[in-house]
Amino acid sequence: MTGITQDARTELNAQDDCIFCKIIAGDFGTEFVYEDEYVVAFDDLHPQKPVHTLIVPRYHVENLEDHPDPQLLGQIFSAIPKVAAIKGVNESGYRVIQNNGAGAGQTVFHLHVHLLGGGSFTEGMV
Ligand code: AMP
Ligand code: ZN
């Protein structure tokens, strides 16, 4: 195990079978675009836009149906414009998408926000 201690993992509610908990713990050496006390951000493995970055709370909750602490949601959303600036899309514009449940296309059950930018957004989807 690398990154953080088991005690810290327990405190963060880390799940052994969660890929994002493992990424957060540093198990795969994933490069973080941004990190602070509450969230980490890293580029999506299968980018759907020139910029496609995931913003992920360190604390494990599945999705909004897990009723995460509103403070945690604030911490996630506060990070979004910072990540947008780091990725250079704060002026050109960006979209955030967040899936809840398999029926909405959620595949990783650790709450996260997709930040998408670059290219064109004329093809639909809100
Ligand atoms: P969602 O469908 O909203 O659950 O989004 C999960 C996202 O995580 C997908 O866009 C995947 O491409 C991405 N993903 C899965 N595994 C990894 C990984 N190891 N590193 C980066 N992104 C990943
Ligand atoms: Zn997790």
Side-chain angles (χ1 to χ4, degrees):
M1 186 196 307
T2 58
I4 63 173
T5 63
Q6 186 61 48
D7 280 355
R9 278 189 175 202
T10 305
E11 214 173 284
L12 287 165
N13 193 28
Q15 306 291 298
D16 286 339
D17 58 352
C18 174
I19 183 99
F20 284 0
C21 282
K22 289 185 173 143
I23 287 174
I24 290 161
D27 287 2
F28 305 128
T30 306
E31 188 185 335
F32 295 151
V33 168
Y34 169 84
E35 64 177 312
D36 63 29
E37 195 180 337
Y38 308 107
V39 308
V40 305
F42 49 88
D43 289 334
D44 197 289
L45 200 56
H46 304 293
Q48 295 184 27
K49 286 283 179 209
V51 171
H52 186 172
T53 302
L54 303 173
I55 294 140
V56 186
R58 291 184 186 274
Y59 189 80
H60 178 99
V61 284
E62 282 198 2
N63 55 38
L64 294 182
E65 290 301 309
D66 241 359
H67 305 292
D69 188 326
Q71 267 196 316
L72 182 70
L73 299 177
Q75 286 150 356
I76 296 166
F77 271 75
S78 298
I80 291 172
K82 296 177 190 170
V83 176
I86 290 166
K87 297 300 290 186
V89 294
N90 54 317
E91 288 185 3
S92 53
Y94 55 90
R95 179 170 293 172
V96 296
I97 293 179
Q98 189 269 318
N99 297 322
N100 296 280
Q106 185 175 10
T107 57
V108 177
F109 285 79
H110 180 133
L111 180 66
H112 56 278
V113 167
H114 298 254
L115 186 158
L116 298 149
S120 141
F121 282 93
T122 53
E123 67 268 28
M125 271 307 280
V126 302

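Counting starts at 1 for both ligands and their atoms, following the listed order. Please read these numbers as outputs of a predicted model, since none were measured by experiment.
- Note on ring orientation: taking the six-membered ring where Trp is involved, the planes of Phe32 and Phe42 are tilted (angle from 30° to 60°).
- The hydrophobic cluster containing Val89 also contains Val83, counting ILVMFWY residues as joined when their side-chain heavy atoms lie under 4.5 angstrom apart, directly or transitively.
- Neither Phe20 nor Val61 shares a network with the other; the hydrophobic side chains, linked directly or stepwise wherever heavy atoms of I, L, V, M, F, W or Y lie under 4.5 Å apart, form separate groups for each.
- In this structure the side chain of His112 reaches within 4.5 angstrom of the side chain of His114, judged on heavy atoms.
- In this structure, Lys49 fails the cation-pi test against Tyr94, since its NZ or CZ atom is not both closer than 6.0 Å to the six-membered ring centre and inside 45 degrees of the ring normal.
- Within a 6.0 Å radius of CD in Glu65, no more than 12 heavy atoms belonging to other residues, nucleotides or ligands are found.
- A donor-acceptor pair under 3.5 Å links the side-chain atoms of Asn13 to the main chain of His60, judged by distance alone.
- Contact annotation: the side chain of Leu73 approaches that of Leu64 to within less than 4.5 Å [non-hydrogen atoms, C-beta and beyond].
- Protein residues lining ligand 1, listed by chain and number: Phe20, Ile23, Phe42, Asp43, Asp44, Leu45, His46, Leu54, Asn99, Gly105, Gln106, Thr107, Val108, His112, His114 [non-hydrogen atoms, distance under 4.0 Å].
- Among protein atoms, those of element N, O or S found less than 2.8 Å away from the Zn ion (ligand 2) are Cys18 SG, Cys21 SG, His60 ND1, His110 ND1.
- Looking at every heavy atom in both residues, Leu115 comes nearest to Ala84 through CD1-N, 3.8 Å.
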